[in-house]
There are 2 protein chains.
Amino acid sequence: MQETEKNKKQLILESAARLFRDKGYAATSMRDLAQEVHLKASSLYNHIASKEDILREICLGTAEKFLLAMDEAEKLPIPPAGKIEHLLRFHVKIALQDPTSVTSFNDEWRHLREPFLNGFMTMRQDYERRFLLLLKQGMDTGELAHIEPRVALYTLFSAMRWLYDWFRPGKSLSAETVETAVMHLLMNGLFKKGS
Amino acid sequence: MQETEKNKKQLILESAARLFRDKGYAATSMRDLAQEVHLKASSLYNHIASKEDILREICLGTAEKFLLAMDEAEKLPIPPAGKIEHLLRFHVKIALQDPTSVTSFNDEWRHLREPFLNGFMTMRQDYERRFLLLLKQGMDTGELAHIEPRVALYTLFSAMRWLYDWFRPGKSLSAETVETAVMHLLMNGLFKKGS
DNA sequence: CCTACCGATCGGTAGG
DNA sequence: CCTACCGATCGGTAGG
């Protein structure tokens, strides 16, 4: 059945994303993954073409989500700084919603081989280029501080990585608390404001 | 000879740190490493006890460097916010000086097994606990903005990770430019100051 | 420091 | 979806 076929594949992709985040792509065996979804290793190949194929679907799927958010942000009828804030909040939200896929996207994409590696890097560069443009525009309008734009870009992206890698919202730190605190730190800095 | 013995081991550790950063610990084979230092795989074992032993030396050695910097910072005759700035500048500096070891420290430590895993985590937690205390003190004195301290801690640490992972200072981005820009962004935020 | 080799495990296939 | 199995590669050892 098409239906179950699809659900099983989705389950495999989700289990793989979790294993890749927890142990890393290279340290995750197809036998680990098979056990997770209650199959023998050989049966996985009825649903996916190869181990790399799984990583490819996760990485390209996540890249598409980021690019869609960028499309949306660019269309907003607000100044550049607002678009950037919108995107950074998206980074926080996706980190809390789908942390496993985003960790593969961030940390494991280097295990892709050509031609997928190139396709992935092209998407990533496109996102970075457009984000960089928004940063420069925000600096030109005077909304944003004049900080070397590439350094700002990578520092902002990097600042979220603990959210993907291992953080899980819980009783002691809620999703709201985290979003508020992260945004405040990145937008206004650690030092108390005042001129 | 003791002298050459030591140099060779140091060379192995440095080559391993570079391979672990570029390919990951699990994807780096002892044969990869042997080739890098012009030996056969079996000869590596005259210098090191095991693959995990290499990772352990890198991770614990780096942890010690961070703890030494913390000792220093705590002794400075300045307010807490200054100590934090001092430590963050240390994070930038070590990222530019020894990026390979710090990447293993950050990304590959999870491949350690007991009892080393526990020893490593204890050192890391000690560093985080002391950094957290400085943050809280800085907020109490009114120097630092009131941001959820643990979120601030992990966001600050995470913000540097692109420096370790893949950045190399060069003609287009010098070490000075990077340090200035990163510190400005973290201390004062992306938005232009002004009340 | 090397040659020769070990058992274990890897991703993946054949065939039903 | 499974059993049975493949060649390749893994970390590491024996012995010199």
Compile the donor-acceptor pairs under 3.5 Å between side chains in residues 16-23 of chain B and protein atoms, sequence neighbours left out, one pair per line.
| from | atom 1 | to | atom 2 | distance (Å) |
| --- | --- | --- | --- | --- |
| B:Arg18 | NH2 | B:Glu36 | OE2 | 3.0 |
| B:Lys23 | NZ | B:Asp32 | OD2 | 3.0 |

Checklist line | Sequence-distant partners of B:Lys93, salt bridge (charged side-chain N to carboxylate O under 4.0 Å, His left out), two or more places apart | finding: B:Glu179
Note to self: Can you list everything that forms a salt bridge (charged side-chain N to carboxylate O under 4.0 Å, His left out) with B:Glu128? Sequence neighbours excluded, please.
What the structure shows: B:Arg124
Take atom [atom1] of [X] and atom [atom2] of [N], then tell me their distance rounded to the nearest Å.
X	N	atom1	atom2	value
B:Arg56	D:dG11	CZ	C1'	17 Å
B:Asn46	D:dG15	CG	P	16 Å
B:Ile54	D:dG11	CD1	P	10 Å
A:Leu55	C:dG11	CG	P	13 Å
B:Ile48	D:dG12	CD1	C1'	10 Å
B:Leu44	D:dT13	CG	P	12 Å
A:Leu11	D:dC1	CG	P	11 Å

Note to self: Going by the rule ring pair (Phe, Tyr, Trp, His ring centres under 6.0 Å), which residues pair with B:Phe131 if we only count those two or more places apart in sequence or in a different chain?
What the structure shows: B:Phe157
Name every donor-acceptor pair, under 3.5 Å, that has one atom in a side chain of residues 57-68 of chain B and the other anywhere in the protein, sequence neighbours excluded.
| from | atom 1 | to | atom 2 | distance (Å) |
| --- | --- | --- | --- | --- |
| B:Glu57 | OE2 | B:Lys9 | NZ | 2.8 |
| B:Thr62 | OG1 | B:Ile58 | O | 2.9 |
| B:Lys65 | NZ | B:Asp98 | OD2 | 3.4 |

Check: In which stems does DNA chain C show up, taking only runs of three or more Watson-Crick or G-U wobble pairs whose two distances fall under 3.5 Å?
Finding: C:1-16 with D:1-16
Notebook entry, point to check: Taking the side chain from A:Lys83 and the backbone from A:Glu74, do they hold a donor-acceptor pair closer than 3.5 Å?
Noted result: yes
Check: Going by side-chain heavy atoms closer than 4.5 Å, which hydrophobic residues are tied to A:Ile78, directly or by a chain of links?
Finding: A:Leu76
Next item on the list: Hydrophobic side-chain clustering at under 4.5 Å (ILVMFWY, transitive links): who's grouped with A:Leu133? Put none if nobody.
Entry: none
Next item on the list: Identify, residue by residue, the members of residues 12-43 of chain A with a heavy atom below 4.0 Å from DNA chain C, and return them in order of residue number, or none.
Entry: A:Thr28, A:Ser29, A:Met30, A:Arg31, A:Ser42
